[in-house]
Every structure is written in structure tokens, then in C-alpha cells.
There are 2 protein chains.
Amino acid sequence: MKYLLVLLLAGLTSTAQIQKEQLNLMPWPQSVVLNDGNFTLTKNFKVNITGNPNPRIFGGVTRFLRRLDGRAGIFFEQGFITKLNEVPNAELQINCTTGGKIGLYEDESYHLDIKQNKITINATSDLGALHGLETLLQLLQNNNTSFYFPNSQISDFPRFTWRGLMIDASRHFQPIDVIKRNIDGLAAMKMNVFHWHLVDDQGWRIEMKKNKKLIELASDGQYYTQEEIKNIVKYADERGILVVPEIDVPGHGSAILTAFPEIGSKVITLNGGISEKNIQGTAIATYGVERNAGIFSPTLDPSNPKTYQILSEIFDEVCPLFSGAYFHIGGDENEGKDWDANPKIQEFKKKNNLATNHELQTYFTMQLVPMLKKHGKQLMGWEEILTKNMSKEAIIHSWRGANEGMAAGQSLVDAVKKGYKTVLSNGYYLDLMYPVESHYLNDPMPKGVNLSTEEKARILGGEATMWTELVSSTTIDSRVWPRTAAIAERLWSAEDITDVASMRKRLDVVSFRLEELGLTHIRNRAVILRNIANNQNIKSLNEFSNVCEPLKGYTRNSGGTEYQMYSPLTLFADACTADAKDALVFNDAVNQYISNKSPENKAKVESFLNKWIAVNRGLNELSASAPLVQPVLPLAKKLSDASEQILLALNNKSTLKADDLRKLIEECNTKDHADVELAVYAGLKKLI
Amino acid sequence: MKYLLVLLLAGLTSTAQIQKEQLNLMPWPQSVVLNDGNFTLTKNFKVNITGNPNPRIFGGVTRFLRRLDGRAGIFFEQGFITKLNEVPNAELQINCTTGGKIGLYEDESYHLDIKQNKITINATSDLGALHGLETLLQLLQNNNTSFYFPNSQISDFPRFTWRGLMIDASRHFQPIDVIKRNIDGLAAMKMNVFHWHLVDDQGWRIEMKKNKKLIELASDGQYYTQEEIKNIVKYADERGILVVPEIDVPGHGSAILTAFPEIGSKVITLNGGISEKNIQGTAIATYGVERNAGIFSPTLDPSNPKTYQILSEIFDEVCPLFSGAYFHIGGDENEGKDWDANPKIQEFKKKNNLATNHELQTYFTMQLVPMLKKHGKQLMGWEEILTKNMSKEAIIHSWRGANEGMAAGQSLVDAVKKGYKTVLSNGYYLDLMYPVESHYLNDPMPKGVNLSTEEKARILGGEATMWTELVSSTTIDSRVWPRTAAIAERLWSAEDITDVASMRKRLDVVSFRLEELGLTHIRNRAVILRNIANNQNIKSLNEFSNVCEPLKGYTRNSGGTEYQMYSPLTLFADACTADAKDALVFNDAVNQYISNKSPENKAKVESFLNKWIAVNRGLNELSASAPLVQPVLPLAKKLSDASEQILLALNNKSTLKADDLRKLIEECNTKDHADVELAVYAGLKKLI
């Protein structure tokens with residue numbers, strides 16, 4: 001009877017009007033109007049498409065139906081949608097005026113209108129319609145027995161035209177299914193650019209039919225075939241996403257130079273012969289695929305005509321694989337050490353009146369412009385390519401900030417003021433494991449800078465970057481998601497959508513829904529923890545991972561040499577993520593307790609402390625037959641010790657001196673354990 | 001101090017000699033000798049390869065190193081292995097005399113010798129060496145701080161030469177990554193055949209460059225490109241696995257005939273004109289890709305020369321994609337309805353002296369033999385191809401049994417007695433959701449049949465079959481694994497390795513280790529449950545799924561029409577698996593209690609009953625905002641009601657009559673809820 005009542009009540013609440021704040025939309029649309037009433041989902045639900053869309057809409061709607069049905073379990077009668085105007089009386093009517101083109105500045109707007117018996121999506125192109133379908137999926141509500149959409153009107157369009165994610169497939173190769181599921185995630189978040197970092201010191205990842213040595217010597221057998229690349233471009237196109245490939249030159253050249261040492265800049269002086277007949281000469285250096293992380297000296301020789309011949313051949317083969325209009329040539333972090341040490345290159349600089357290595361690099365980069373233009377591609381590069389003679393057509397990718405001793409995003413302002421288009425990645429570096437809040441509040445439009453309308457228009461948008469020094473195909477999703485969804489909102493939604501608490505609440509739901517697309521950020525945590533626990537119960541490990549975060553910035557792999565590219569990424573830090581789940585909840589509980597020392601508030605705090613004491617006990621038990629748990633124990637013990645003493649202190653039973661207690665808590669702030677840091681340290685500190 | 005003691009004790013136990021029964025090897029090797037002492041794993045661990053192996057060994061060893069390091073987290077110094085004799089003093093020395101060829105009758109034996117400071121794998125070919133590496137990985141032990149291999153000598157070879165898994169990629173298309181990870185699983189279980197069921201009524205899955213209509217009209221856009229297929233063949237080859245493709249003809253022809261209705265057998269009589277001038281004629285029937293499950297009439301016309309022309313073209317294009325020597329042409333479940341109704345076909349039968357439809361099908365099949373031979377392929381077909389004029393070179397795939405009203409495996413005996421080679425699949429149908437025990441004890445070598453040595457030799461082995469009517473890419477692994485590992489043991493290990501309890505114990509560990517290869521059978525359960533729970537806590541659902549099993553046999557999709565191929569497979573039954581985790585434990589607890597009614601034994605049983613009462617409560621709470629939980633509630637309530645009353649009865653407090661209690665428990669045996677059945681029913685019944 002009790003349950004019957006619960007059910008009835010739940011049934012009743014369903015008819016209550018949902019409030020805007022309850023919607024878990026992300027990115028938040030430009031305009032949302034909620035009306036009374038609902039559209040209830042039944043098995044008769046069907047979709048009809050009219051207008052003149054690109055055929056990608058058919059697959060898009062078919063996938064939409066499958067996802068909706070997977071959630072609702074209603075057994076829709078409609079299976080595949082392959083034609084225009086197949087079901088004129090369908091409940092969901094989609095109309096697109098024209099076929100969308102994959103690229104920048106497309107009209108991606110849509111209007112979604114939900115009424116009691118009819119849903120309508122009107123969009124200029126299928127690209128907007130696909131966005132509308134994602135919004136519709138996010139609008140799905142339910143009571144205890146059925147699913148429905150709240151009657152509403154949504155008008156929506158993006159704030160920026162470049163809303164991207166970069167994945168580095170060089171440092172840790174990322175198989176095709178990783179790329180596909182991340183593209184699915186981008187589409188769900190209304191993002192439209194996938195930047196594929198395909199070449200770096202740690203490997204060349206593109207099948208080459210002409211210059212085969214790149215694959216044979218510099219890929220460890222891990223590369224994408226040309227057909228796979230074309231399939232990804234098609235897969236992305238079907239989801240409204242532009243693929244921007246990157247081949248990073250002239251620095252980050254270890255892989256390329258492993259295959260073609262003859263176009264490297266390094267010179268080796270040879271001393272041979274016998275004392276009577278001393279022989280001296282120079283020889284070509286040899287290179288190897290880099291196994292460490294960091295900035296390395298292997299750099300292409302800009303004075304060597306063969307460099308341009310090989311690059312031209314490479315672009316001739318690679319460019320046609322991509323249908324988009326942009327090609328990223330990297331250009332970052334070239335320190336020019338090998339240039340300085342090479343007399344031939346010094347001579348070349350003099351001869352060509354190139355005063356600095358920057359000018360030399362500009363000379364080099366400018367040679368690439370026509371190679372790309374030949375294939376209809378515009379050059380893009382990291383901010384270091386921004387020098388005085390750089391072509392105004394180049395897009396400047398702004399990335400440096402405090403970690404590089406620079407003002408954050410300064411290059412973005414410089415670029416637009418000099419007339420360049422630009423994309424922001426500084427502040428969106430996912431590999432640094434910073435909290436989502438920092439990414440969310442990082443606006444591509446700089447604050448406190450006076451920019452003209454034209455200058456502002458040159459800020460194309462932003463791009464989250466997933467560098468993969470410490471990321472495997474098992475862990476990558478947990479670094480990209482759900483944080484990239486918050487970046488997606490920054491790039492799509494209105495400038496004033498900045499309520500962090502609202503974002504966090506919605507992100508929780510979005511994160512859960514991203515699993516539906518095959519993303520593995522939630523499920524794979526258990527996989528790693530099971531491995532660490534050696535097939536024992538993972539409860540304690542999981543709870544501990546809820547208060548630990550991987551070391552931030554570049555501290556986990558200090559010097560870039562602790563981890564080689566083949567080192568295990570199956571450790572506790574790999575199971576942990578930024579924004580540790582319990583940290584925020586605990587810190588809130590502490591704040592509440594401090595402002596009001598009610599028994600309830602105290603109990604909340606105490607339950608955490610007791611949990612952590614139990615976690616420590618549990619981890620010790622686990623560790624008896626799980627060596628990978630050992631590195632976690634010292635930090636767990638420190639947290640447990642501190643928790644015990646704080647519990648006593650909260651109840652005025654502590655025999656410790658205040659200083660000793662403070663010391664105990666301070667101990668929890670060490671960063672020398674298992675590559676993680678304790679995310680509840682701040683909260684603990686407040687308690688004393 | 002207490003924990004220190006625990007650690008010390010754990011440290012001590014490590015030096016205790018491990019017993020054979022403690023090893024979790026699967027398939028169990030032919031000979032295992034354990035010696036005193038251990039080989040301890042350190043970061044210096046390296047591998048060296050000598051002899052004359054196929055280069056596949058290099059990738060195999062590199063993957064081995066990565067998996068071992070992933071488990072041990074030791075940061076091995078060795079990254080990639082690419083050459084023979086690179087590290088002559090390596091701890092693990094592998095020697096192979098020759099390069100292994102992918103196919104039947106290869107020498108797959110290996111000798112593994114583990115000593116204090118040296119491990120040696122000697123094998124005729126790299127195929128045996130790869131098996132040896134899998135055994136080595138399974139031998140890994142650990143104490144509290146380190147990993148080691150027990151000193152031992154293992155000699156091993158397979159009992160059968162055909163140890164396969166079939167995946168049906170037609171009914172539910174299975175993306176490339178599903179195929180790859182399942183091939184990884186096969187290799188880990190020392191299996192050597194992947195049978196790829198590529199064409200059936202529900203879809204044509206092979207890119208065709210000539211007869212493009214097959215893809216355009218009969219694939220729903222879901223197919224493998226030719227390059228993807230070649231890559232899979234290569235991927236399988238690198239792991240020692242033969243790929244056997246299947247194009248199912250002449251029955252199961254809906255997809256082919258959707259593209260080419262002109263080679264179908266169905267005739268349509270047309271009546272037209274006006275009453276004064278009656279026009280009658282016949283027309284070609286049209287076909288559509290089938291959306292339901294079952295046996296359908298669309299069948300190729302064996303009397304039509306164009307049938308053979310198209311098939312010949314198809315084989316010319318498809319055969320070269322596969323390097324193996326076998327091609328499966330299906331041939332099953334052709335009921336000949338459309339043949340009987342087609343006058344032209346009846347005439348053809350008469351003209352060619354083909355008395356029955358079976359003879360007509362043999363005529364048809366025999367036309368395919370030279371088409372395949374042209375490409376060096378031998379024909380294989382389901383047992384229906386076994387008719388009197390069938391080529392003796394054909395391999396007979398035995399599949400029918402009680403479900404088809406036949407004696408299990410009868411066709412296997414018939415085949416070998418008639419001189420055919422044969423492979424057994426009857427008893428290995430994974431889609432039927434039967435318990436692992438039934439598969440495990442199903443030996444390809446028939447019991448109680450007098451077979452000569454030659455006849456026995458014609459029994460090549462067996463093949464697990466994964467039909468995908470009710471399987472998505474999210475759930476497929478949980479149907480294939482870990483049960484296929486038990487089948488692998490049946491096909492590899494000695495005939496007398498039949499201890500079910502030992503198999504179950506080892507299977508638990510093997511199942512856990514299969515995650516390392518990327519198999520998703522464990523992790524994806526949580527994904528489905530989270531969807532059902534609508535992002536609420538899945539504890540109750542998970543516990544309930546531990547006592548529920550999907551309906552067995554063909555009862556879940558009664559008539560084949562409840563589920564269309566696009567119906568949701570995100571339901572509770574999809575999260576459940578055969579061999580429900582808690583059922584066996586509960587039944588054991590009941591048996592123990594019945595034989596000894598000690599308080600401890602009683603408490604064990606009671607804890608289950610109390611858990612299920614709590615589960616019902618939990619599910620009701622969940623259901624308030626999770627419609628997909630609703631279908632689960634009636635069964636949960638029945639289990640809870642029965643549990644409550646049994647608890648009372650166990651404590652002599654029940655007020656129910658024995659008959660009423662019996663009735664309550666009987667209610668738990670209904671199969672009309674949420675497509676699952678209660679796996680603890682038998683145990684419950686014993687309690688009264």
C-alpha cells in the first residue's frame with residue numbers, strides 16, 4: 001500500500017509543470033519558453049522530413065529514433081528513415097530549407113516547437129535540425145510510467161562558429177572507435193570541429209602510399225589507413241562536424257626525421273682516422289621515435305629543398321583525404337637549437353635576410369601555404385606562427401598561458417588586432433586536469449580589451465585540447481568528458497550563461513547521457529579499479545577515487561621521463577578524474593556546518609569522515625593481495641588519521657594540540673603519492 | 001600495527017608453494033608440473049625471440065608486454081619488440097622453429113618452462129608461442145607487493161583443430177571494434193577460427209564494388225568496407241586466427257533478393273485488364289530487408305542461370321578478401337515453399353531428375369563448389385547441405401538438435417560416417433542463454449557411437465555460435481563471454497577435463513581478465529542498468545539482475561515478431577545473463593542448510609531472503625522516476641513476498657498453509673515478466 005501511494009504521488013507530480021531550472025539542457029539554448037502541457041511519447045511516434053536537406057539528415061534521424069527508443073523502451077514502429085515526406089502525419093515534423101555544408105559560418109540555427117500532439121523542428125539546414133534533435137533528446141522527461149516532452153518553444157543558434165575538440169593521436173595512438181565515439185559526443189554537444197593531431201615526435205599516424213617509410217619506421221605499426229581517415233571524415237560529416245587534420249612541423253619532428261633524417265637540422269661532427277691523419281667531417285644525424293614527453297630538438301631543415309619536396313608530396317597525398325577547408329601545420333615549440341648549431345642553416349638565414357629563427361620559421365611556413373592552397377586548404381597553426389610576415393589568411397591557434405610564462409590568451413588579442421582569424425585553446429587544456437569551472441568560465445572573447453566589431457568577428461571560437469602523454473584509449477573519454485560539454489556551452493550559449501552551480505547540475509545528467517553514445521568515461525573507471533583491486537570488491541577504491549584527483553598541470557610526469565609512451569596507464573591516478581565527485585559535496589557540507597553547527601550539518605560532515613576511515617581499512621584489506629593498491633595506502637592512511645582526529649575534535653574529545661592536528665591535515669596535502677592529490681584537503685582545513 | 005601484521009602475514013603466504021588447483025588456467029593445458037620457487041617480475045623483465053617465426057610474433061609479444069605491465073604496473077623498460085635476438089640475455093626466451101600458417105592442422109603446441117631466473121617458451125611455430133604467452137599471463141600470481149610466476153613446466157597442444165566462434169553480423173550489425181575485441185578474446189582462449197556470418201535475411205554486410213545494389217538496397221548503410229574486412233583478416237592472422245566468411249544461400253535470401261528480385265523463386269500471378277479483356281500474367285515478386293526473426297521463404301531460384309552469374313560475381317569479389325581456405329555458404333533452413341509454388345522451378349527439377357527439394361538444393365550448392373575452388377576455397381555449409389550427391393570435400397556444420405526436433409549432433413555422426421569432415425555447433429548456441437555447464441559438457445566426440453579412427457579424425461572440432469536477433473553491440477560480449485571460454489576448454493583440453501566446479505571457479509577469473517582485452521561483458525551491464533534506473537543508484541537493479549536470467553531458448557522473442565531488428569535492447573533482460581551470479585551461491589546455501597540446519601547455514605539462506613525483500617523495496621523506490629523499472633516490479637514483488645513467507649516459515653512463524661506457501665513460490669516461476677526468469681526458483685522450492 002505504501003508503494004502504491006508512492007507511485008500515485010509520482011504519477012501526480014508528472015502533470016505538474018516542469019520549471020526551466022529543472023531542464024538539463026547543455027549547451028543552454030538562446031531562448032527557451034516553456035508552455036503548459038506535454039507531448040507524451042508512444043509507440044506510434046514517427047518522424048517526417050520535408051524540404052531540401054542534405055541526406056545526412058536521414059541517418060541523423062534514424063540514430064535519434066534509436067537513442068530515444070533505447071531510453072524509453074517503447075518499441076517504436078518506425079525503423080529507418082530514408083526518404084523525404086514518408087509519413088506526412090508524423091508526430092515529429094522536421095523541415096530544412098537547404099542542405100548544410102560542413103565548414104565555418106554555416107547557419108546552424110533551429111526552432112523547436114513542442115505542442116501536445118505535434119513537435120516541429122524548423123531549420124535552415126539539416127545541421128540546425130540535427131542540433132534541434134539533440135535538444136529534443138535532452139528535453140525528454142518522465143514520470144513513473146511514461147516519457148514525455150514538455151510543451152515548449154526553443155530558438156537557438158551558436159555564439160561562435162568554431163567549437164572544437166582536438167585529440168592527439170600521436171603520443172598515444174587512439175583507435176578508430178575512440179575517434180568515432182568522441183565525434184558522437186561532439187555532435188551531442190552541438191560542437192562542429194574535430195581537430196585530429198596526427199603527427200608529433202611520438203609517431204606518424206597516417207598511412208602513406210608514396211613515402212612509406214613514415215609508416216614503416218615511425219608509427220610502431222599504429223596508424224590510420226587512408227580509407228579509415230576518409231571514413232572518419234564521412235562519419236564526422238554525417239554528424240555535422242568538420243575534421244581539421246594536423247601535421248606538426250617544423251618542430252616536433254622526431255617521427256618525420258626518423259623516416260627522413262636527411263631533412264633534419266642536426267649536424268654531427270665526425271672525428272676519425274689516426275693521429276697522423278686526422279679526418280673530420282659532418283654526417284647526417286639519425287633520429288628515433290620519441291618515447292618520452294616534452295619539447296625535443298628534432299626539427300626540419302628549412303634551408304633544404306628536399307624538405308619542401310617531401311612535405312609537398314605528403315600534402316599531395318594527405319590533403320585529398322579531408323574534405324574540409326583547413327589544414328593545421330602545428331608550428332609550435334620550435335626552439336631552434338639545431339638551427340643555431342647548423343652552419344648551413346645560419347648561412348641560409350643570412351642569405352635570405354632572416355634575422356631571427358622566428359623569421360626563418362615564417363619563411364618555412366610560408367612555403368607550405370601554396371602546397372595547401374593547391375588542395376583548397378587554408379593554413380592554420382599554433383600561435384608561434386604569428387610573426388610579421390605571416391600570411392593574413394592563416395588562422396592563429398592561441399594556446400599559451402601561465403604554464404608557458406605568458407599572459408593567457410594574449411596571442412588571441414595580438415592576432416585579431418593584426419588582422420588574423422583565431423581560435424582559443426588556452427584555458428581549454430583537458431590534459432592539465434584542471435577543474436571544469438576553470439574551462440567553463442574561460443571565454444574566447446577577452447575581457448577588458450577594447451576590440452572593434454571586425455576584430456571580435458575574427459575570434460572564431462575555441463577548442464578543447466586532449467594531449468595524450470598520459471592517456472590511453474581506456475582512459476581518454478574520462479579526460480574529455482564530461483568537461484568538454486561545459487566548454488561546448490561556453491562556445492555555443494550566450495555570454496551571460498555562467499552560473500557554475502547550474503552548469504554542474506546539468507553536467508551530471510549530460511555525463512550520464514553521453515554513455516548512450518558509447519562514451520566510456522563512466523564505465524571504464526570500474527575496469528581500471530577492478531584491475532588495481534585484482535578482481536576483489538572495488539568499493540573502497542571507488543570511494544577513495546571520489547576524493548582524489550590526478551596531479552594537475554605537468555606534475556604527474558615530471559620532466560617527461562617518468563612515463564614512457566608504453567608505460568602502464570592502469571594505475572589509481574588513471575581511474576581518478578578532475579572534479580572528484582565527493583570533493584564538492586564535502587566542501588559544501590563543511591561550509592554549511594561552519595555557518596550552522598546543527599546536529600544535522602555535523603552528522604553530514606561526520607559521515608564523510610567515518611567513510612574515509614572505513615575506506616582506509618578497506619584498502620588495507622584489499623592490498624593484502626593487490627600490489628597496485630600499495631601506492632595508494634599512505635595517502636589513505638593520512639586521510640583516515642586526520643579524519644579520526646577531526647572527529648574527536650568535533651566532539652571535543654581530541655587530546656591533540658591544535659598544531660598537531662593542523663600538521664596531520666597538512667600531511668594530506670602532499671603530492672607524492674600514487675600521482676594523485678586529495679581533493680578534500682581544503683574542506684578538511686576549514687574544519688579546524 | 002594491526003595492518004602491518006596483516007601485511008607481514010600476506011608477505012609470508014607468498015612464499016608458500018601454490019597448488020595446481022589454485023591455478024586459473026583456461027583452457028587447461030595437457031600437462032602441468034609445478035616446481036618449488038618462483039620467477040619474480042621486475043622492471044628489467046625483457047623478452048627475446050629466436051628461430052624462424054612469422055613476424056606476427058613481434059606484435060604478439062609487444063601486446064603481451066603491455067598487458068603484463070598493465071596488470072603489474074611495473075614500468076618495464078622494454079617497449080616494442082621488432083627484431084629477432086635483440087636481447088639475448090632476456091628473462092623470457094621464446095624460440096620458434098618455423099612460421100605458423102593460418103589454417104587447420106597446424107602444430108600449435110608449446111612448452112613453457114619457468115625457472116627462478118629464466119622463462120623459456122619453445123614452440124614449433126609462432127602460433128604455439130602465442131598460446132604459450134597466454135598461458136604465461138594466466139599463470140601470473142601475486143602476494144601483497146609483487147607479481148611472480150610459479151616455477152613450472154607446461155606442455156600443451158589442442159585436442160581439436162577447429163575451435164571457433166561465429167558472430168552473426170547480419171541481424172544486428174556488429175561494428176569493427178566488436179569484431180576486433182572478440183577476436184582478442186578468442187586468441188586469449190587459444191581458439192583459432194572466427195566464423196563471420198555476413199549475410200542473412202536481415203542484411204547484406206559486405207561492401208560490393210560491382211553489384212552495388214546489395215549495399216545500396218539491402219544493408220541499411222551498415223556494412224563492412226572491403227578494406228575493413230581485409231584489415232580484420234589481417235588482425236585475426238596476427239593473433240593466429242582463421243576467418244571463415246559466410247554468405248547464406250539459397251534460403252535466408254531476403255537481403256540478396258531485395259537487391260536482385262529477379263533471381264528470387266517467388267512468382268506472382270497478376271490479374272488485370274477489364275472484364276471484356278482479361279489479362280493474366282506473372283511478375284517478379286519484390287522483397288524487402290527482413291525486420292523480424294525467424295525462418296522466411298525468400299529463396300534464390302536454382303533454375304535461373306542469372307542466379308549463378310550473380311553469385312559467381314559475388315564470390316569473385318568477396319573470396320579474395322579472405323586469405324583462408326574455407327568459405328561457408330550457409331544452406332540452412334530452406335523450406336522450399338517458393339520452389340514448390342513456382343512452375344518453372346518444378347519443370348527444372350523434372351528436367352534434371354531432381355526428385356526432392358533437397359536434391360535441388362544439392363544441385364544448387366554443387367554449382368558453387370567450382371566458383372569457390374577457383375579462389376582456392378573449400379565449401380562449408382550447415383548440415384542441411386548433407387545430401388547424397390554433395391561433394392565429399394564439403395565441410396558439414398552440424399547445428400540441429402532438440403529445438404529443431406532432431407537428435408542432438410546426429411548430423412555430425414552421419415557426416416563422418418559418410419566421409420565428410422564436420423564441425424559441431426549443436427550445444428554451443430550462445431543465443432539460447434543456456435547455462436555454461438551445458439556447453440562445457442557438450443563434447444564434439446559423440447558418446448556411445450562406434451567411430452573408426454578415420455571417422456573420429458573427420459570431427460574437426462566445434463564452434464560457438466552467436467546469433468544476434470536479440471543482441472546489440474552493447475550486449476553481445478555478455479552473451480559470448482565468459483561462456484565461450486568454457487567451450488574453448490572443451491575444444492582444447494583433454495577429454496577428461498570435465499570438473500564443472502573447477503571450470504566455474506576458473507571461469508570467474510578468466511572473465512575478469514577478458515576485460516583487459518577490451519571486452520565489455522562486465523562493464524556494460526552497469527551501462528544498461530544506469531539507463532533503466534534513469535541515472536539513479538543501480539544497486540537494487542544490479543542485485544536483482546544477479547538472480548534473473550533472460551528467457552531461454554526462443555521464448556523471449558516469441559514468433560520472432562515481438563522484437564524488430566530496430567527494437568530497443570536496453571531492457572532489464574539485456575542486462576541479465578545466463579548463469580545468474582547469485583543463483584548458484586544461493587542454491588548451494590540451500591543445499592547446505594538442508595543437509596545441516598546449523599544457525600550459520602540458516603543465516604546464509606536468510607541473508608539472501610532479506611536481501612531480496614530489500615531489493616523489491618529498492619526497485620519500487622527507483623520506479624517512481626524510472627519507467628523502465630516498472631516491468632521488473634511484479635517479479636521482484638513475487639520474490640519478496642515468497643522470501644518474507646519463507647523467512648517466517650524457517651522460524652516457524654508462518655501463518656500460511658503449506659499449499660499457499662507453495663503457491664507463492666510457484667508464482668516466482670512465471671516467465672511473463674520483463675523477458676526474464678528467476679534463477680533461484682529451484683532453490684526456493686527446496687526450502688519448503
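Proteins come first, then strands; the chains are lettered A, B, ... in the order of their sequence lines, and each starts at number 1.
- How far CD of E228(A) is from CD1 of I176(B): 8.5 Å, rounded to the nearest 0.5 Å.
- Taking chain A as the reference chain and counting heavy-atom pairs below 4.5 Å, the highest number among G79(B), P627(B), G73(B) is found for P627(B).
- Interface residue F75(A): backbone and side-chain heavy atoms are both found under 4.5 Å from chain B.
- If you tally non-hydrogen atom pairs under 4.5 Å between each of V527(B), L622(B), L628(B), D177(B) and chain A, the highest count goes to V527(B).
- The CZ atom of F80(A) sits 10.5 Å away from atom CE of M565(B), with the distance rounded to the nearest 0.5 Å.
- The residue among I532(B), D220(B), T570(B) with the most heavy atom pairs within less than 4.5 Å of chain A is D220(B).
- Atoms OH and OG1, on Y566(B) and T62(A) in that order, are 11.0 Å from each other to the nearest 0.5 Å.
- For N534(B), the parts lying near chain A are the backbone and the side chain together; criterion is any non-hydrogen pair under 4.5 Å.
- One N or O on the side chain of N531(A) and one on the backbone of G70(B) form a donor-acceptor pair closer than 3.5 Å.
- Of the two parts of N524(A), only the side chain, counted from C-beta on, holds a non-hydrogen atom closer than 4.5 Å to a non-hydrogen atom of chain B.
- Options K180(B), E515(B), R291(B) differ in how many heavy-atom pairs under 4.5 Å they form with chain A, and the most are formed by E515(B).
- Residue T145(B) touches chain A through both its backbone and its side chain, counting heavy-atom pairs closer than 4.5 Å.
- In this structure, D69(B) and P568(A) approach most closely via the heavy-atom pair OD2-CD, 3.3 Å.
- Surrounding NZ of K83(B) are at most 12 heavy atoms belonging to other residues, nucleotides or ligands under 6.0 Å away.
- Between chain B and the residues Q141(A), K637(A), R525(A), E77(A), the largest count of heavy-atom pairs under 4.5 Å involves E77(A).
- Between Q564(B) atom CD and F76(A) atom CZ the span is 13.0 Å, to the nearest 0.5 Å.
- Distance check, rounded to the nearest 0.5 Å: CG of N535(A) to CD1 of I522(B) gives 7.0 Å.
- Surrounding NZ of K581(B) are at most 12 heavy atoms belonging to other residues, nucleotides or ligands under 6.0 Å away.
- Annotation: the span from E227(B) atom CD to Q226(A) atom CD amounts to 9.0 Å, rounded to 0.5 Å.
- Of the atoms belonging to R66(A), it is side-chain heavy atoms, and not backbone ones, that fall under 4.5 Å from chain B.
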